[in-house]
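We number each residue from 1, following the sequence as shown. Values below: every heavy atom of this structure, side chains too, minus hydrogens, waters and symmetry copies. These numbers were taken from a predicted model, which means no experiment stands behind them.
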Amino acid sequence: MGVKIWAICLVAGGLSTACALEPTEAPTIAEAACAPGEKIGRFEPAKDLFLAQFDIKTDTDDLHSAAAVATMLAHPRFACVDFLAVSGTYGTQGGAYVDPETLFENAFGDQWIEAHNRQAEAAATLAARADHEITNGGHVWIMEAGQSDGSAATLKRLSSTVSASETKARFHVVQHSDWNERVTSPEALTRLKRDADYIRIADGNVVGNGTPGFQTRDGSAWTALLAASSVGPIWQQTRDLAVLNNGSGHDDESIAAGGYNNQAIGAGGLDFSDASEAAYIFGYETLVDVDAFVEAFVK
């Protein structure tokens, strides 16, 4: 139900101060986001599906990225976003898979599935969800926080019920990493570029290249993240799990064997670079860096 409020100006980072207009009957943020035709960036909550896919092998930046996505989704503006998180969407690379089960349960509730060692089952689940959205006039937006083998498997199953022209228009895969493309199987990458809307954005590890630079060795943002009332415990858990599993070269048996040494995380900083893709999907691609993310979604 609408409530009497002063007219509010929406800006890219959330809400601005009230505009100097007459009081008006206006929907809540959640209602506005749910209305047909209303969009958050490129995403229409009334129709679309957001898939946040994480390889979590072997770079622990995906753990930080999961917390960042959970932080975005916890914002009132995202109340109507239909989403599913997926863990274990890795490609051809070796190394250890970091089990995120408890973290994902806390971050995403029951809105996540595991693809690790069950790629075919995950593809079937995701294809069914995608088919429902597309059949009902919506779009599927994939944040590819890893490789694209899983997305290609989903697309292959989806092709039995949805035409190639429809998947090209409505099945969007957003990728930001050269390395992720290199360790995606060639046939998977070919399929996506041919039959999906494959969107390549600039690297989310770097500031000043047109996408947010969500990696830093500076740990000063941790204070605000850990203190956040709704998501602080998730950030604490992701911090502990990432440090535990970062392949920083020490001999502790708890360190994931063969894990990648993420130097930003090893230095006590942050790396949720994959969330640059979520920023693109939801229209926050002008955020500059970690501090801008905190200002938009935490403070």
Side-chain angles (χ1 to χ4, degrees), residues 8-16 27-54 61-62 64-86 107-109 111-112 129-130 133 138-146 151 170-177 196-205 207 209-215 225 228 230-231 234 270 272-299:
I8 291 177
C9 298
L10 284 175
V11 296
L15 295 176
S16 73
T28 65
I29 297 172
E31 288 171 338
C34 289
E38 295 285 345
K39 288 190 174 184
I40 306 174
R42 296 166 175 84
F43 188 92
E44 185 177 348
K47 291 183 177 181
D48 296 350
L49 174 66
F50 172 54
L51 299 179
Q53 300 190 161
F54 305 88
D61 66 338
D62 280 5
H64 283 201
S65 295
V69 170
T71 299
M72 294 176 73
L73 293 172
H75 191 281
R77 193 182 184 208
F78 290 72
C80 289
V81 170
D82 185 15
F83 74 92
L84 193 66
V86 189
F108 305 116
Q111 290 180 258
W112 76 280
R129 288 289 301 271
E133 301 295 335
H139 294 246
V140 177
W141 289 91
I142 298 177
M143 166 188 152
E144 201 77 283
S151 294
R170 297 179 180 273
F171 191 87
H172 312 278
V173 180
V174 185
Q175 176 62 267
H176 84 108
S177 166
D197 178 27
Y198 186 83
I199 303 166
R200 176 57 197 270
I201 65 173
D203 194 331
N205 292 280
V207 171
N209 64 356
T211 64
F214 288 154
Q215 182 194 100
L225 293 171
S230 60
V231 295
I234 295 170
L270 289 135
F272 49 92
S273 50
D274 289 315
S276 63
E277 298 163 0
Y280 173 87
I281 292 167
F282 293 112
Y284 288 86
E285 63 264 48
T286 58
L287 293 178
V288 176
D289 54 16
V290 168
D291 290 337
F293 176 91
V294 171
E295 191 66 32
F297 295 107
V298 179
K299 291 186 178 180

Next on the checklist: One pair to check against side-chain contact (heavy atoms from CB on, under 4.5 Å): His64 and Asp274. What are the steps and the verdict?
Outcome noted: CA-CA 9 Å; His64 283 201; Asp274 289 315; over 6 Å; no
Checklist entry - Within the distance-only criterion (no hydrogens, no angle test), does the side chain of Gln53 pair as donor or acceptor with the backbone N or O of Ile142 below 3.5 angstrom? => result no
Item to check | pair Asn205-His176: side-chain heavy atoms closer than 4.5 Å | outcome: yes
Checklist entry - Which pair of non-hydrogen atoms, one from His172 and one from Asp197, has the smallest distance, and what is that distance? => result ND1-OD2, 2.6 Å
Next on the checklist: Could you check whether any side-chain N or O of Asp62 sits under 3.5 Å from a backbone N or O of Ser65, counting only pairs where one atom can act as donor and the other as acceptor?
Outcome noted: no
Item to check | Minimum heavy-atom distance Ala296-Leu287, with the two atoms named | outcome: CB-CD2, 4.1 Å
Checklist entry - Are the aromatic rings of Phe83 and Phe78 close, with centres under 6.0 Å apart? => result no
Checklist entry - Does Gly138 offer a backbone N or O that forms a donor-acceptor pair with the side chain of Glu133 under 3.5 Å? => result no
Item to check | side-chain contact (heavy atoms from CB on, under 4.5 Å), paired with Trp141, selected from Ile281, Val173, Val81 | outcome: Ile281
Checklist entry - Below 4.5 Å, heavy atoms only, C-beta onward: do Met143 and Tyr280 meet side chain to side chain? => result no
Next on the checklist: Test side-chain contact (heavy atoms from CB on, under 4.5 Å) on Val231 and Phe297; report intermediate values, then the result.
Outcome noted: CA-CA 10 Å; Val231 295; Phe297 295 107; over 6 Å; no
Checklist outcome for this item: Correct closest heavy-atom pair for Ile234 and Ala107 would be CD1-CA, 3.7 Å
Checklist entry - Does Phe272 reach the side chain of Val69, with side-chain heavy atoms less than 4.5 Å apart? => result no
Next on the checklist: Donor-acceptor pair, distance only, cut-off 3.5 Å: does the side chain of Glu144 make one with the backbone of Val174?
Outcome noted: no
Checklist entry - Who passes side chain to side chain donor-acceptor pair (under 3.5 Å) against Asp82, sequence neighbours left out? => result Arg129
Item to check | Ring geometry between Phe43 and Phe50 (parallel below 30°, tilted from 30 to 60°, perpendicular above 60°) | outcome: perpendicular
Checklist outcome for this item: When every non-hydrogen atom of Trp112 is compared with those of Gly109, the smallest separation belongs to CD1-O, 3.1 Å
Checklist entry - If you round to the nearest 0.5 Å, how far is CD1 of Ile199 from CD of Gln175? => result 11.5 Å
Checklist entry - Any donor-acceptor pair under 3.5 Å linking the side chain of Glu285 with the backbone of Ala278? => result no
Checklist entry - What is the minimum heavy-atom distance between Leu49 and Leu84, and which atoms define it? => result CD1-N, 4.5 Å
Item to check | Side-chain donor or acceptor of Ser273 paired with backbone N/O of Gln215 under 3.5 Å | outcome: no
Checklist entry - Counting N and O atoms only, with roles assigned by atom type, does the side chain of Glu44 sit under 3.5 Å from a partner on the main chain of Ala46, one being a donor and the other an acceptor? => result no
Checklist outcome for this item: One should read off an interatomic distance between Phe108 CZ and Leu73 CG, to the nearest 0.5 angstrom, of 6.5 Å
Checklist entry - If you take all heavy atoms of Ile40 and Pro45, which pair is closest and at what distance? => result CD1-CG, 3.9 Å
